[in-house]
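The structure under discussion appears below in the form of structure tokens.
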Amino acid sequence: MARAYDVQEIERKWQGRWRESADYEVDDDDPRPHYYVLCMYPYPSGPAHQGHVRNYTFGDLMVRYRTMKGYAVLSPIGFDSFGLPAENAAIATGIHPRTFTDQRIEELRESLVSLGAVYDWRREVRSHDPAYIRWTQFIFKRFLEAGLAYRGAALVNWCPGCQTVLANEQVLADGSCERSGDEVEKRSLEQWFFRITAYADELLRDLDALDWPERVKVMQRNWIGRSEGAELDLEVYEHPGKAVRVFTTRPDTLFGMTYAVLAPEHPMVDELTTPENRGVVDALRESARRSSEMERTSVGSGLEKRGAFTGSMVLNPVTGKPVPLFIADYVLMSYGTGAIMAVPAEDERDWEFAQLHGLEIVRTVEAPSSFDGGAWTGDGIKINSEWLNGLRTDEAIQRAIAWLEEHGVGKRSVKYRLRDWLVSRQRYWGCPIPVVYCGSCGIVPAPDEELPIIAPDDVQLLQTGESPLASHQGFVHTTCPKCSAPARRETDTMDTFVDSSWYFLRFCDPWSIDKPFDQEAVERWMPVDQYIGGIEHAILHLLYARFFTKALADVGIAPSGLREPFSRLFTQGMIRLGGTKMSKSKGNLVAPQEYFRTVGADALRLYHLFVGPPADDVDWSEQTGELIEGCARFLDRVWRLALEEVPATAPGAGAGVGSAGQPDPVGSAGQPGVDDQLKRAVHRAIAKVTDDLDRWSYNTAVAACMELANAISRYRRDGAAAREIGKAIDALVLLLAPMAPHLASEVWERRHGPGAMVHRESWPICDPELLTDERVTMVVQVNGKVRDRLEVNASAAEEDVVREALASAKVQEALGGVAPRRIVARPPRLVNIVVDR
RNA sequence: GCCCGGAUGGCGUAAUCGGUAAACGCGGUGGACUCAAAAUCCAUUGCUCGAAAGGGCGUGCGGGUUCGAGUCCCGCUCCGGGCACCA
């Protein structure tokens, strides 16, 4: 496609100028109001893909717009440079992960520059930089001291593909690995955890005040999964004094408890299983251990509830009646107390189990008469419950908890679905966990002076299931920092989500050499005013970063008042290709570099802004190329409109004659009317674009610019004054400056002389006086159907517009001689005449 | 199963407070310019009946509220996403 200007040359030129100008390097003492715009820092996967382009286009637009509005905008960038792909590539090619990663960072950096995105590059951070590793390890140590990091044995998720353990958040609903798609196995291992559950309540509560997409908040609430209820002890009939502790959200249903269940992994299973039941119990335990997360993939509730009787009975605390104690695979050790009281009448799972095993069912809630199903889980009036009879569910819950507390058998309790964050990874290319194991001192953290602990380069990267570092004798063998005896280093590395949980704080003070960051610098910029990233991080990264911010504040590293990292969050839609999402793991199917070379970055940026609402997914289709060309065509039009000579008058542009050959409605002398209309079009565009940019409606902002360009062409052809046309063009260029920064820069410089920089200009302000037209089109309806359109004064009174409406021949014809029953007038937009038919 | 989103021309989409449905763009059609093509510019473009004037229909489906509904309410269908034995 032949272009109106040399796109390559101009885009290169301005990318250099922005870098040299240092306009986007901001310091803490900048007198302008501070604003922190941040896009999620990328994993360096080589040249940018369309998802990056979309993300960084939105971010760059925000940076430039806010700057023009007078803010000191902090716009940092860095690279989430630890991670599996580099290690896998190393295994395949023999290239060291660092070499591989550094090269890909350069490629991605080049893409971001080519896109025209501007950053304070002085602040760049990389997760794998020793200066960053040092502080990640420092933070780990402070967490360890505060009890927020601990080593524990647990049944953990093991991905055979990635050859490492995973966090719960990295396992998808169908039991597969979020990264590799392999089926995740359960293994019992000693691992490092972060105590995120200590913040469960605060993480849940503080969501309310965040200006985040509601669906992200809902996802986090679900993930945290708070349940209120009670814990109570069920005394074992055969062993008086011994009790099984259970958790329930429905203490009101106690009278309906007809059996109880332990999770197969429950520690009391052995002692409570009688010899004659040992065989079935052990068989079930074994099969539960092997199958656990798997097999329950597809249909959820249709799972067979397998169980086995332990041979023991427990006492129902309110009736004193013994009921059988089972083990069953539908009770999970990892939630609540790992044991439940079963109430088949009011719980669907218990109902199913009771049916299967022929157990007693006692209803304690009166179900609606229309209900003919099994378990009634809704609210209702209590029955068969002695002192709870007649109460509503909510009242009965409170009464039951009070009873449990009075009798010392239970108490009010809150449980969460959220589990502690497993951070150990049996991989090489990550931040080493800075501890040593000493035979006599146990777990000893590496001294601060020894940080960073850097993994050696000469490591055999093989997929053994053990950290590659474990086979490096020089790394493993060390001495205990406490007693100097020979000791062994921890060889696992941290989950890369640890690195990305505090980078936004480091950006505030990346130069700090004696601490992770200066608290004062953080107070100047944090929290992030606008965070932008993909919806795929709704739980993982965004939950971990929130936890880190709170924990860092509590251990004294971050300011104590900083409870949340991101005030406003925007999640952009994903790029889809034929229905499947494009992502770093699925490959780059359409390379942005191709467009940089052909239509240029501005056209590609404009396409991403214009294609639809930023929050919506985008389908990459055959039509996409044409849409991008359309954007390039628009940029060409702006170029010509702003810079090329055009004939002063065009055919038909006589005095007082509009484009359609109609008399000009306002200026009887011609010119003043056209000028006035052009001026109004400019101010309408300013108001529209400003409002649209503030409410993330970039597609309509682009449309408004196109409309303005159309209006300028039309009014110029119609003979508007050169001075007004010049002002209109300048306004258009200013409005386009955040969207198509290269074109806007070049046009501005050519119009205003060497050295003029459009992004140093103030954002245009609209004159409210010019937002309303003096004459508007009014619609006249008869019984809600449009029958005529009339030109009226914007300030016309009700009786005047009604009179004009009734005077219309078309309206009279539609009325057909019938007298109006009612007339609804909303001047100056509409009159609706209602007649009986 | 539960919880969120969504459904508007041939296509991407717009309509911010219940008041002209389809702004803006893509694609199509016709024309100007050209030896010709590309590029550019102009006109036109929801469907339908009609020679025209003009009419009818039209925002996933069925109801409702209202002078008036893409927008609000009730009941569905389909698509996308999240959660899913969490007691």
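Chain letters run A, B, ... following the sequence lines, proteins first, then strands; residues in each count from 1. These figures come from a predicted structure and were not determined experimentally.
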Give every pair of a protein N or O atom and an N or O atom of nucleotides 14-16 of chain B that lie under 3.5 Å apart, one pair per line with the distance.
from	atom 1	to	atom 2	distance (Å)
B:rA14	OP1	A:Asn699	ND2	2.9
B:rU16	O2	A:Asp691	OD2	3.4
B:rU16	N3	A:Asp691	OD2	3.0
B:rU16	N3	A:Arg695	NH2	3.3
B:rU16	O4	A:Lys688	NZ	2.3
B:rU16	O4	A:Arg695	NH2	3.3

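Remark: C1' of B:rA21 and CZ of A:Arg789 are 11 Å apart, rounded to the nearest angstrom.
Aromatic ring centroids of A:Phe634 and A:Phe610 lie 6.0 Å or more apart.
Remark: A:Arg221 is not in phosphate contact with B:rG82, judged by side-chain N or O atoms under 4.0 Å from OP1 or OP2. Between A:Arg822 and B:rC67, a side-chain N or O to OP1/OP2 separation shorter than 4.0 Å is present. Note on A:Arg226: every side-chain N or O is 4.0 Å or more away from OP1 and OP2 of B:rA87. Between A:Lys785 and B:rC57 there is a side-chain polar atom (N or O) within less than 4.0 angstrom of OP1 or OP2. Not one side-chain nitrogen or oxygen of A:Arg417 sits closer than 4.0 Å to the OP1 or OP2 atom of B:rA87.
The same atom, P, is picked in B:rC73 and in B:rU65; the two are 15 Å apart, to the nearest Å. Straight-line distance between the P atoms of B:rA39 and B:rG55: roughly 40 Å, to the nearest whole Å. B:rA53 and B:rU66: their P atoms are spaced 38 Å apart (whole Å).
Applying the 3.5 Å distance criterion, the base of B:rC83 shares no donor-acceptor pair with the side chain of A:Asn222. Side-chain N/O atoms of A:Gln623 and base N/O atoms of B:rC11 include a donor-acceptor pair closer than 3.5 Å. For a distance-only test at 3.5 Å, the side chain of A:Arg829 fails to qualify as a donor-acceptor partner of the base of B:rG19.
Ring-plane geometry between A:His608 and A:Trp620 is classed as tilted, the angle between the planes lying from 30 to 60 degrees on a 0 to 90 degree scale.
Using a cutoff of 4.0 Å between basic side-chain nitrogens and carboxylate oxygens, A:Arg633 and A:Glu626 are not scored as salt-bridged.
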